[in-house]
Chemist: 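Could you have a look at this structure, given as structure tokens, before my questions?
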Amino acid sequence: MVDRFSKIGFILATVGSAVGLGNIWKFPYITGEFGGGAFVIVYLFTILFVGISILIAEMYLGKFGGSDTVSTFEKVGKENGIPSLKFAGFMGFNGLIIMTFYSVVIGWIFYYIWSSINGLPSSVAEAESEFTDLISSQIGIQIFFHTFATLTVLHFVNGGIKKGIEKLNNILIPTLVLIMIALLFYSMSFDAFSKSFQFLFYPDWDKLTSEAFVRAVGHSFFTLSLGMGAILTYSASLPKEASITKSALTVSLLDTAIALVAGLIIFTLLFQYGEEPSKGPGLVFISMPVIFYQMGEIGSALSILFLSALGMAGLTSAVSLVEPAVLYVKNRFGVSRFWATIGMGSIYYLIGIFAILSYSTEYGEMFSIGGMAIFDILETSSDKFLLPFSGIVIALAVGYGLGKKLEPLKEEMGNTFFQIWLFTIRVISPLAVLFFMLNLYGFIEL
Ligand code: PHE
């Protein structure tokens with residue numbers, strides 16, 4: 001039996017992959033750091049002009065290959081007389097690199113759900129010390145929750161596309177959307193809602209720095225799950241009749257909507273309770289618990305609801321981060337899905353423990369390279385290098401390598417849109433990403 005998604009299952013799973021910690025944890029804090037509206041506009045622009053085009057390309061590549069990342073690139077390589085193109089398929093392992101820290105962060109979320117039940121911190125100082133204490137000295141607790149997150153993720157990956165991944169997403173994504181809508185309506189009842197709306201949608205161009213551009217491009221890759229074969233691998237199990245263009249547009253729209261809604265909710269509460277928007281990565285773990293504390297009785301319930309949404313978003317992305325490597329190992333080495341899952345899971349799980357240790361006071365130095373904690377090395381390497389680089393490879397492989405094979409896509413899109421799309425992935429996206437990388441590594445200044 002071929003293990004394929006149903007049509008709706010494919011959309012939910014792909015939305016599940018895209019909507020993750022990137023939307024609810026990362027988007028609000030980088031938007032806060034870069035001053036709001038202007039950053040949001042640049043981000044929306046990059047989604048529209050780079051993100052969606054590469055999403056369509058990666059989906060199409062997956063459908064064309066109908067297999068794991070390596071086999072797919074091998075197929076494109078053969079058609080074009082470039083056998084070594086198959087090595088590009090190893091981008092399927094980027095997901096394991098991301099998982100090393102992603103799973104640890106999901107573990108933190110589980111920890112915070114548990115600690116919201118036991119009482120919330122009453123001041124920022126208390127919340128800050130709780131978070132610092134967790135990451136610098138509670139190694140055992142972090143490993144416990146990292147293990148819990150790993151077992152949950154591996155359980156669903158082991159179930160395969162239909163019985164594992166689709167099932168998980170069919171339940172969690174609608175629930176997540178409902179929670180976000182409920183929280184949005186609740187936040188509308190606060191006076192600060194209009195301030196939050198202004199902060200997100202009225203640009204203050206003075207605040208826009210060149211770094212904001214760079215982060216916006218990087219984030220549009222991360223948030224749409226591009227450049228590591230997650231989308232490619234899911235699309236290999238695309239139901240025959242599904243439309244690539246429609247699916248890609250639906251996924252980008254929902255992904256962007258959830259990020260904006262998360263931003264609206266978080267900034268409303270921050271402004272209402274007089275907190276700063278530019279708190280950085282601790283925004284969700286330090287500022288939010290204090291706000292929930294100030295809300296009194298209802299606060300704990302809201303905290304649990306909010307963190308559950310965050311956890312669900314994380315889990316549905318996590319399965320898509322592990323699946324590409326698992327499918328590759330299963331296909332290429334003839335091992336069962338179970339052992340492939342255990343094998344790939346162990347790799348990221350163990351490195352994840354190093355990442356935890358690298359933030360601890362006791363072992364931090366031992367698990368740092370050149371003064372940088374392994375956790376940070378893993379996180380920044382994916383965002384700043386692996387995803388954008390693989391994104392260019394995907395754009396070029398599809399743009400130049402598929403030739404006549406793109407006909408079905410042309411039929412689907414109509415000639416005008418097809419030509420615009422083709423120009424985008426052949427020229428605009430690669431140049432934009434190249435520019436972003438050169439800027440990041442200091443070769444050019446904006
Ligand atoms: N898109 C996910 C998020 O926003 C992260 C992710 C990146 C998932 C790459 C899969 C592939 O959190």
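Every heavy atom of this structure was used, including side-chain atoms; hydrogens, water molecules and symmetry mates were not. Whatever order the structure lists ligands and atoms in, that order sets their numbers, starting from 1. Keep in mind that what you see is a predicted model, and the values were worked out from it rather than measured.
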Chemist: If you look at every heavy atom in G159 and K163, which pair is closest and at what distance?
Modeler: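 Taking every non-hydrogen atom into account, O-CB, 3.4 Å.
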Chemist: The test is side-chain contact (heavy atoms from CB on, under 4.5 Å); show your working for L154 and Y349 and say whether it passes.
Modeler: CA-CA 11 Å; L154 297 188; Y349 174 74; over 6 Å; no
Chemist: Which protein residues have a heavy atom closer than 4.0 Å to any atom of ligand 1, listed by chain and number?
Modeler: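 Residues S17, A18, G20, L21, G22, N23, Y102, F222, T223, S225, M228, S317, S320, L321 each place a heavy atom under 4.0 Å from ligand 1, listed by chain and number.
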Chemist: Donor-acceptor pairs under 3.5 angstrom involving side-chain atoms of residues 300-308: please list them, not counting sequence neighbours.
Modeler:
unit_1 : atom_1 : unit_2 : atom_2 : d
S303   : OG     : S116   : OG     : 3.0
S308   : OG     : I304   : O      : 2.5

Chemist: Only one of F145, F375, F101 forms a ring pair (Phe, Tyr, Trp, His ring centres under 6.0 Å) with W108, so which one is it?
Modeler: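 The option that passes is F375.
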Chemist: Do the ring planes of F144 and F148 sit parallel (below 30°), tilted (30 to 60°) or perpendicular (above 60°)?
Modeler: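 Parallel, since the angle between the ring planes stays under 30°.
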Chemist: From I52 CD1 over to T256 OG1, what is the distance, rounded to the nearest 0.5 angstrom?
Modeler: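 Nearest 0.5 Å value for the CD1-OG1 distance: 7.0 Å.
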